[in-house]
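Read through the structure below, which is laid out as structure tokens, and then see the notes.
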Amino acid sequence: MDGSSRKEKEDSNFTNISLVDDTDHSSRILHRKSKSFLPKMMSADMDVDAENQVELEEKTRLINQVLELQHTLEDLSARVDAVKEENLKLKSENQVLGQYIENLMSASSVFQTTDTKSKRK
């Protein structure tokens, strides 16, 4: 047998099965033709596709969860900043009111301290 007829005979024992999307023809490998092998391979491809789909859905779910948590964190940070601002404002108002009350008490005779020792003598 010459080299070309041997090659044709060998090629008839193999079939091309794509390992990637049909649009990419550069990644093909040869497998022996077998009636029992092809259904297993197709089943394996479906399992891989299902696994990839589940993995993609899980990644998408996790990305959405991370984004939601980031937005929640931003909202909480804004709320903390608003509460800090309000706290500073209230502290300032309390100081003003404290000073005002102190001034009223010092101006009023009702709140004047009396020296009990000098009255007893």
Side-chain angles (χ1 to χ4, degrees):
M1 236 187 257
D2 71 343
S4 65
S5 62
R6 177 189 282 164
K7 175 78 172 136
E8 288 172 11
K9 187 173 183 175
E10 286 176 7
D11 285 346
S12 68
N13 291 329
F14 293 89
T15 184
N16 285 330
I17 298 175
S18 175
L19 295 179
V20 294
D21 190 10
D22 287 339
T23 58
D24 183 11
H25 298 290
S26 63
S27 300
R28 295 193 184 271
I29 65 169
L30 297 175
H31 288 282
R32 290 214 175 265
K33 286 184 182 178
S34 167
K35 291 182 181 180
S36 64
F37 179 75
L38 288 177
K40 287 179 186 175
M41 185 65 177
M42 290 172 66
S43 176
D45 283 345
M46 288 181 195
D47 289 345
V48 169
D49 287 344
E51 287 176 16
N52 286 343
Q53 183 66 26
V54 168
E55 188 175 310
L56 181 63
E57 288 172 1
E58 179 68 11
K59 284 181 181 179
T60 302
R61 187 187 65 77
L62 288 173
I63 288 170
N64 288 336
Q65 188 177 10
V66 166
L67 291 173
E68 183 180 336
L69 290 171
Q70 283 178 338
H71 293 302
T72 302
L73 181 59
E74 288 172 356
D75 293 344
L76 289 172
S77 290
R79 178 70 179 131
V80 165
D81 290 342
V83 168
K84 281 181 179 179
E85 245 180 73
E86 183 69 17
N87 187 28
L88 288 173
K89 181 180 170 185
L90 291 173
K91 277 184 180 181
S92 176
E93 289 176 6
N94 281 344
Q95 286 178 341
V96 169
L97 288 173
Q99 186 64 43
Y100 178 73
I101 291 170
E102 204 174 290
N103 289 342
L104 285 176
M105 288 174 56
S106 65
S108 171
S109 61
V110 174
F111 295 106
Q112 294 297 320
T113 58
T114 56
D115 191 5
T116 54
K117 291 180 184 177
S118 62
K119 288 185 178 178
R120 288 187 186 168
K121 289 184 181 176

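The shown structure was predicted, so the numbers you read here are calculated from the model rather than taken from an experiment. This chain uses plain numbering: 1 for the first residue, then up along the sequence.
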*For the atom pair OG1 (T60) and CD (E55), what is the distance rounded to the nearest 0.5 Å?*
10.5 Å
*asked:* List the residues meeting salt bridge (charged side-chain N to carboxylate O under 4.0 Å, His left out) with E58, not counting sequence neighbours, and say none if there are none.
replied: R61
Between side-chain atoms of residues 69-81 and protein atoms elsewhere (two or more places apart, or another chain), which donor-acceptor pairs fall under 3.5 Å?
from	atom 1	to	atom 2	distance (Å)
T72	OG1	E68	O	2.9
S77	OG	L73	O	3.1

Show which side-chain atoms of residues 82-105 pair as donor or acceptor with protein atoms under 3.5 Å away, not counting sequence neighbours.
from	atom 1	to	atom 2	distance (Å)
Q99	NE2	N103	OD1	3.3
N103	ND2	Q99	O	3.4

